[in-house]
Asker: 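Take this structure first; my questions come after.
Within every chain, numbering begins at 1; the chains are lettered A, B, ... in the order of the sequence lines, protein sequences first and strands thereafter.
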Amino acid sequence: MSIWESVKTAWQSIFSNKLRSSLTMLGIVIGVMAVVLLVSIGQGFQQSLTTTFNNMGASALYISSSTDKTITTVRPLTFEDAQALEDKTVAPSISAVSPTLGSRGSVSYGNNNVTIQITGITPAITQIRNYQMEEGRFITDQDTTARNNVVVLGYQAALDLFGSESPIGKSLRVSGSKFQVVGTMQKMGGFGGDSYLLMPLTTMQSKITGGNNVQQIAVKAASPELVDAVIAEITSVIRARHYIRTGGADDFTIQDMRETLNSMQQTMATFSIFLGAVGAISLLVGGIGIMNIMLVSVSERTREVGIRKAIGAKRRDILLQFLIEAAALSLTGGLIGLLLALGGASLMGNISLGTMSLKAEISATIVIIALSVSVGTGLISGTYPAFMAAKLDPIESLRHE
Amino acid sequence: MIELKNITKIYDLGTVKVNALDDISLSCQKGEFISIMGHSGSGKSTMMNILGCLDKPTSGSYHIDGQDVASMSDDALAVMRNRKLGFVFQSYNLLPKLTATANVELPLIYAGNKNRHQRALDALESVDIADRASHHPSEMSGGEQQRVAVARALINNPLVILADEPTGNLDTATSHNIMMLLTEQCQKGITVIVVTHEEDIAKYTQRTIYLRDGKIIEEKRR
Ligand SMILES: Nc1ncnc2c1ncn2[C@@H]1O[C@H](COP(=O)(O)OP(=O)(O)O)[C@@H](O)[C@H]1O
Ligand SMILES: [Mg+2]
């Protein structure tokens, strides 16, 4: 008997038992759907991480005040601290410095009102972070000195406030004050998202927060190899400005993107293992389901096996018939599960969790893996029942009711 | 053609041993029509199973067409059943999910033959049941099902047809039709062996063998 005939025989038996076949497949359908969706979400997550990392700048460092409770006096970071770091004689490895100050606040235009991240920046930020103009212009040094009431909107913020209108030149309100929109930014993606508003740091200090403090100082190393040198330079400059004695602890922390990347990758690995385990468990359950139904099917079809053997089926023919049946069942289940996962992923679109925006990324690799794993599950769980069927004694089987 | 020599079959049930067949010797010619009779438990089915290569004797030798069956592997026995033997059962034993044609095609599938559909239709035609070709067993009467079963037994041009009580579930008129059909096959040169309880059925055959307690006690030729 040829393989092709075995396949046809298997299909006949799957089709003549539609309800049971569907129920058997259900386990695999759910298993494959779970694996594909979970892994795709994982991959989408990873992609967002990469985008975020790129947006933040590979050779960027971020200085912020220490949150260590054991340090008694923490001097806040100031605009002057940032200026000191621009001095090439004490900090030769630094190529750009931009102090920032952020808070969440409400922004309104007409009847549209959104609560988004509002950040005061200096123009140097574009040398550190990956900001690309969509329309209009960015904040200038002139805006900073004159403390102009001008803002630049992130892609999503512009869309939410202005819809299809062009925001350039329009006035909007931030925490009660009037501001003019001078530019909009391109879509960036990643976990920072695109719902943000930028204004001159000086304007932010005088109109929104008050005072002379900054929250964070973004610094760019002249080259990625100089990151360690930059850390040393920042440390000595800021310690001197904050009057920290030798032996005293830093009252600020420096976030190095290399470390951040490392910890992100570790989180990602844990996440992947977790998702993989959940998927594997659902496939295992599906496989047990197939084995269970196949065993029932073999005992129900004992007489059929007896008849087939009497008229010339060899052990191998019976073995193949049941194995192919199990594989075909799980492959079909796998395909259905895959289709559902594709549907689910596109239905999900972009999930927004706070500022995080997640998208399931289905890759060809995961599709191939899911289908081969489902056929593999079918073959493994079909093997034992198929052996039971193949070794049935024809006389006993023919007597079976 | 068929040669049984000193065949015994002992079922070892632990405490007791059942001598289902006890020193049976028998030879049949090509085209012979033979019946086997005996009380229930006399060993008729056991003998048919051995003749049909479904079971192996405890001792003795068995040759079909000059080939020694005792030394064959399971796969070789499957090939033997497929090519040289045809079975007709009391309960027809058609596969319920398949049409008459598909049932008749089955032995050809295991033989790896092409052009199966046409050959199956021809076989159904030859047993006068072509009009039921696309029916399922549940849509046919017992007699019709048994005809399909005979077509299935004939499909690979066997040397021998083995029928264990083929008329056991049929009424008298239908039984006689089936026996006529089997008689035709003998006339074409196929050896036919039937097991039966009824002298009326045995009358169709040329030779009747009587079994009791696994032994041949009498042989009658007509
Ligand atoms: N698989 C078996 N195991 C044990 N004893 C069996 C088995 N098959 C048949 N027998 C015994 O062998 C004897 C012959 O049985 P069988 O050939 O079925 O008789 P018949 O078909 O003439 O009624 C009986 O005593 C029966 O109980
Ligand atoms: Mg019997």
Side-chain angles (χ1 to χ4, degrees), chain A residues 1-21 293 296-325 328-329 386-401, chain B residues 9 11 20 45-56 72-99 102-114 116 136-137 149 151-156 158 161-162 164:
Chain A
M1 190 182 193
S2 70
I3 295 275
W4 175 234
E5 289 303 333
S6 307
V7 171
K8 273 186 10 195
T9 306
W11 272 114
Q12 275 165 359
S13 118
I14 289 174
F15 269 105
S16 57
N17 249 314
K18 288 193 192 66
L19 179 66
R20 186 170 66 195
S21 302
I293 302 281
V296 172
S297 162
V298 168
S299 86
E300 262 182 17
R301 284 153 64 188
T302 302
R303 200 182 175 87
E304 174 188 330
V305 172
I307 296 170
R308 288 180 183 274
K309 284 198 161 181
I311 62 175
K314 296 176 185 152
R315 258 169 185 256
R316 175 180 161 275
D317 296 324
I318 302 295
L319 185 76
L320 268 182
Q321 180 189 339
F322 282 90
L323 259 189
I324 290 177
E325 199 171 316
L329 268 176
F387 264 108
M388 299 300 282
K391 75 170 201 209
L392 284 173
D393 175 56
I395 303 170
E396 296 287 328
S397 311
L398 281 168
R399 230 182 263 145
H400 191 91
E401 261 322 304
Chain B
K9 178 72 185 178
Y11 289 109
S45 294
T46 306
M47 187 158 156
M48 290 298 264
N49 288 339
I50 287 173
L51 286 168
C53 299
L54 289 164
D55 206 356
K56 287 183 176 172
M72 285 187 178
S73 68
D74 280 357
D75 278 359
L77 290 175
V79 172
M80 179 67 89
R81 292 195 293 270
N82 185 253
R83 309 291 163 85
K84 305 221 165 140
L85 305 174
F87 293 88
V88 177
F89 303 92
Q90 179 176 355
S91 49
Y92 329 126
N93 277 341
L94 301 175
L95 294 186
K97 299 273 162 76
L98 301 183
T99 61
N103 265 291
V104 176
E105 276 183 51
L106 271 184
L108 293 178
I109 292 180
Y110 291 115
N113 278 340
K114 300 262 186 302
R116 295 192 300 266
H136 284 85
R152 181 179 64 187
L154 288 172
I155 190 81
N156 259 339
I161 287 182
L162 298 162
D164 194 346

Asker: Are any of the side-chain heavy atoms of A/R308 and B/Y110 separated by less than 4.5 Å?
Answerer: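 Touching, per the 4.5 Å side-chain cut-off.
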Asker: Pick one of side chain, backbone, both or neither for B/R152, based on which atoms fall under 4.5 Å of a heavy atom in chain A.
Answerer: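 It is the side chain, since no backbone atom gets that close.
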Asker: Whether the side chain of B/R81 engages the backbone of A/K309 through a donor-acceptor N/O pair (distance < 3.5 Å, no angle test) should be reported.
Answerer: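 Answer holds: yes.
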Asker: Would one find more than 12 heavy atoms of other residues, nucleotides or ligands at under 6.0 Å from atom NZ of A/K391?
Answerer: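 No, not enclosed.
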Asker: List the residues meeting salt bridge (Lys or Arg N to Asp or Glu O under 4.0 Å) with B/K97, not counting sequence neighbours, and say none if there are none.
Answerer: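 In terms of salt bridge (Lys or Arg N to Asp or Glu O under 4.0 Å), with neighbours along the sequence ignored, B/K97 is linked to no residue.
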Asker: Answer yes or no: is there a side-chain heavy-atom contact under 4.5 Å between B/I109 and A/K8?
Answerer: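 No, side chains not in contact.
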Asker: For the atom pair CG (B/D74) and NZ (A/K314), what is the distance rounded to the nearest 0.5 Å?
Answerer: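 Taking CG in B/D74 and NZ in A/K314, the distance rounds to 11.5 Å.
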Asker: When rounded to the nearest 0.5 angstrom, what is the spacing between CD1 in A/I395 and CG in B/L54?
Answerer: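 Spacing of CD1 (A/I395) from CG (B/L54) equals 5.5 Å.
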Asker: Examine whether an atom of B/D55 lies under 4.5 Å from a heavy atom of chain A, and if so say whether it belongs to the side chain, the backbone or both; otherwise answer neither.
Answerer: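 Interface part for B/D55: both.
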Asker: Rounded to the nearest 0.5 Å, how far does CD1 of A/I307 lie from CG of B/N103?
Answerer: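 It is 8.0 Å, given to the nearest 0.5 Å.
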Asker: Where is the tightest heavy-atom contact between A/A310 and B/F89, given as atom of each residue plus distance?
Answerer: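 A/A310 and B/F89 have their closest heavy atoms at CB-CZ, 4.1 Å.
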Asker: Can you tell me which residue pairs pass the side chain to side chain donor-acceptor pair (under 3.5 Å) test with a partner in residues 85-94 of chain B, sequence neighbours excluded?
Answerer: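 Checked against side chain to side chain donor-acceptor pair (under 3.5 Å) - neighbours excluded - the pairs reaching residues 85-94 of chain B are A/R303-B/S91, A/R303-B/N93, B/Q90-B/N169.
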Asker: Looking only at non-hydrogen atoms, find the nearest pair between A/A313 and B/A78 and report the distance.
Answerer: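 For A/A313 and B/A78, the tightest heavy-atom pair comes out as O-CB, 3.9 Å.
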Asker: Given 3.5 Å as the limit, does a donor-acceptor pair link the side chain of B/N82 with the main chain of A/I311, or not?
Answerer: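 Checked: pair present.
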Asker: Please round to the nearest 0.5 Å and tell me the distance separating atom CG of B/L106 and atom OG1 of A/T9.
Answerer: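 B/L106 CG to A/T9 OG1: 7.5 Å, rounded to 0.5 Å.
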Asker: Select one option (side chain, backbone, both, neither) describing which atoms of B/L94 are under 4.5 Å from chain A's heavy atoms.
Answerer: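 It is the backbone, since no side chain atom gets that close.
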Asker: Please walk me through it: do B/D75 and A/R316 pass side-chain contact (heavy atoms from CB on, under 4.5 Å)?
Answerer: CA-CA 9 Å; B/D75 278 359; A/R316 175 180 161 275; 5.7 Å; no
